[in-house]
Novice: 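Quick one: the structure is below, and I'll ask about it shortly.
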Amino acid sequence: MQMFLRVWVYAGRYPAFAAGTLACAILTTLAAMVFPKATGLLVDAASKPETAGNLMPYVIVVAASFLLSDLFNSLRILLNNTFEQNVIVDLRQDLYESLQRLPLHWYDNRATGDLMTRVTDDVTSLERMLIDGIEQGVVAVLQIVGVGVVLCWISPGLFAWMLVPIVFMALGAWLFTITAHKRYKASREAASSMNSLLHDNLQGIRQIKSYAREDAEAERFAHQSNEVRRTTLSVMRAWAIYSPGMSFIGSLGFLLVLLIGGQDVASGRFSPGNLVTFLLYTSMFYEPIRRLHQLNQLFQAGRAAGGRVFEIMDATRERYAPLQITAPQEIAPKDAPPLSNVTGEVEYRKVSFHYRPDQPILQGVSFRIPAGTSLALVGPSGAGKTTIASLLPRFYEMTGGSILLDGRDIREPALQDLRSHIGVVTQESFLFNGTLLDNLRFGKRDATMAEIEAATRAAHAHDFVATWPDGYDTRVGERGVKLSIGEKQRVSIARALLKNPPVLILDEATASVDTATERLIQDALDHLLAGRTSLIIAHRLSTIRNADQIAVIRIGAIAELGTHDELLALNGLYSKLCRIQQGDIIRDEQLEQVFEP
Ligand code: ADP
């Protein structure tokens, strides 16, 4: 019920549509109710010789009843669909906004295909429950009451007989309702799992091909697809019993009327016309009951979908993340004084963090990066380098200690404000499926062509873009598949240059590209890093050597911190790494050799 009220708020935004739809539905029903009465009168008139020759007026009334009923129905469909689409757009928009504001750790445990199913299918299902529910529900109830009154007026005795099957119908509806939710939920979840697998496999199609896993994956998909069939059939089986069962019980009511009403006609208590009228109204009485059953089905499907939609809307949004500096509540972004003239000094003070409470990842991490200088993080895979870097833009919330930007706790300013001062260049450069220009403007929405060209030139991207027939309007494909790794990296560097943040997080790429490209990328990076405070997850000896400070990370803590020369003099892990290192890129095996106890 609570869910129904929540969705109702969305429909409440369009009172005119709601009222119009409802009015049309009621008028449709009222117009249709004229037909049985007129038909009954026609039958009676036809059976009397004095009126048998003048049946035309009845026929005209019946025709008008049909015409008006269908006319109002057409208008209702038009209004109802506009109403539906408006509500869907609102719901979907709110859901999408909620999704965007959820913290990254929330996404760590969710599959994209599942979320997509919620935004597309579940929203539609929820909305149908609402709008069709209100409209058809109200009309059906009105029709039952209206026709019931007419029936009772024609013959209270016959009407009483008609009510007998209603008791059984109510029992059937109750049985269906209490068992339906589980089935619908299972069906929604199976559809979601299938979509998740599909999404995952399409994303990983290159891996599937290169590992020749086509058959195995097809089997996995067939299994999921089968689950959808099984759960859908379970829903359908229940419906196949419920719906015709209820219809049959309704027919028994009709039969009772036929039997008892027939006797009444035989004994002269009832005219044949009256019986025809009564029978036609009887079917008009049971028909909305059938619709109510259908609605019940819609309602159960909507409930299952609604749970999945509101789970997202109710999840804790990013800005509500725990904030322990002044008070445990959120500091509303609007109230937070904005960051201004950021020079880029970054300081970590005894920072600790865990993804799961029972598994501490970082413990007491402290360092200071003076504005405009760089710090390279070095350490074996899984030591916590990425995690350390992710805490600065608050992709994850630190669980202890504090991080300061220009002396201010990063939990003070609004999130978007903080992030607008930090650039992130990752190993795998993600490009959106649009034109190159769209992707570059991600860095600065209103960048002029001159600015864009300056950035791409500095990132050594302009030259290859200039050789493409469509230049900056070239579509890059999903995740930028149409670009080489080296090209993608340079585009993402240009994008970061356009953003021009004072602080930069760089996860250095380890993918091998040819030496000439390597040099271009290195030069592009030098442009990007110049004058910025940078936190570099380093995988190359040359980068580490050039950094102003080096932090050696081991099991979530800083083992050594200093300049290249200082660390060499320390004769610890770093100096050992330098001694055994061959070539520029530091491989995992070498790190393991150094860090193995
Ligand atoms: P590095 O960058 O040094 O390779 P990470 O910071 O990625 O290390 O990971 C540190 C530890 O945190 C690892 O044990 C890893 O398994 C764990 N970890 C990383 N990301 C997540 C996540 N999103 N959820 C749970 N655990 C994670």
Side-chain angles (χ1 to χ4, degrees), residues 99-112 114-115 196 200 203 315-318 321-322 346 348 350-367 369 374-401 403 410 415 419 422-430 503-511 534-541 543-544 547 549-561 567 572-574 576-577 581 585-597:
L99 271 174
Q100 288 215 311
R101 303 216 178 275
L102 288 172
L104 282 179
H105 69 77
W106 190 87
Y107 284 91
D108 290 347
N109 304 314
R110 300 292 194 296
T112 311
D114 170 51
L115 299 181
S196 304
D200 224 30
Q203 290 266 319
T316 312
R317 290 180 171 206
E318 225 170 4
V346 170
Y348 279 53
K350 296 205 176 80
V351 172
S352 56
F353 176 77
H354 55 74
Y355 291 102
R356 285 192 358 223
D358 56 333
Q359 248 182 25
I361 300 285
L362 302 180
Q363 292 168 67
V365 172
S366 300
F367 55 76
I369 321 175
S374 59
L375 178 129
L377 298 168
V378 192
S381 174
K385 306 181 293 295
T386 312
T387 307
I388 291 178
S390 308
L391 299 183
L392 183 55
R394 285 178 63 194
F395 288 155
Y396 295 91
E397 296 289 340
M398 67 195 103
T399 46
I403 301 177
I410 57 164
L415 257 182
R419 289 179 187 163
I422 302 171
V424 181
V425 176
T426 48
Q427 277 211 27
E428 211 184 285
S429 324
F430 190 97
V503 180
L504 193 84
I505 293 170
L506 170 66
D507 189 357
E508 200 176 19
T510 48
S534 50
L535 188 58
I536 308 171
I537 301 167
H539 303 288
R540 289 167 192 276
L541 207 55
T543 313
I544 300 170
Q549 291 181 83
I550 301 161
V552 179
I553 311 296
R554 184 183 196 184
I555 329 174
I558 295 188
E560 297 172 9
L561 180 68
L567 294 194
L573 295 165
Y574 181 72
K576 187 173 171 196
L577 180 67
Q581 175 64 28
I585 298 184
I586 304 171
R587 302 268 162 229
D588 279 352
E589 308 85 75
Q590 284 154 350
L591 284 165
E592 273 163 27
Q593 234 177 308
V594 173
F595 284 85
E596 278 300 302

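Values below: every heavy atom of this structure, side chains too, minus hydrogens, waters and symmetry copies. Just follow the structure's listing: the first ligand is 1, and inside any ligand the first atom is 1.
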Novice: What's the separation between atom CG in Leu535 and atom CZ in Phe367, rounded to the nearest 0.5 Å?
Specialist: 5.0 Å
Novice: So which pairs with a foot in residues 374-384 pass salt bridge (charged side-chain N to carboxylate O under 4.0 Å, His left out), sequence neighbours left out?
Specialist: none
Novice: Between atom CD of Gln593 and atom CZ of Arg587, what is the distance when rounded to the nearest 0.5 Å?
Specialist: 14.0 Å
Novice: So which residues, sorted by chain and number, lie with a heavy atom under 4.0 Å of ligand 1?
Specialist: Asp108, Tyr355, Ile361, Pro380, Ser381, Gly382, Ala383, Gly384, Lys385, Thr386, Thr387, Tyr396
Novice: Quick one: pull up CD1 in Ile505 and CZ in Phe395 and give me the separation to the nearest 0.5 Å.
Specialist: 6.5 Å
Novice: Tabulate below the donor-acceptor pairs under 3.5 Å that side-chain atoms of residues 378-389 make, not counting sequence neighbours, or state none.
Specialist:
from, atom 1, to, atom 2, distance (Å)
Lys385, NZ, Gly379, O, 2.9
Lys385, NZ, Pro380, O, 3.0
Thr387, OG1, Tyr355, OH, 3.0

Novice: Return the set of residues passing salt bridge (charged side-chain N to carboxylate O under 4.0 Å, His left out) with Asp358 (not counting sequence neighbours), or none when no residue passes.
Specialist: Arg356
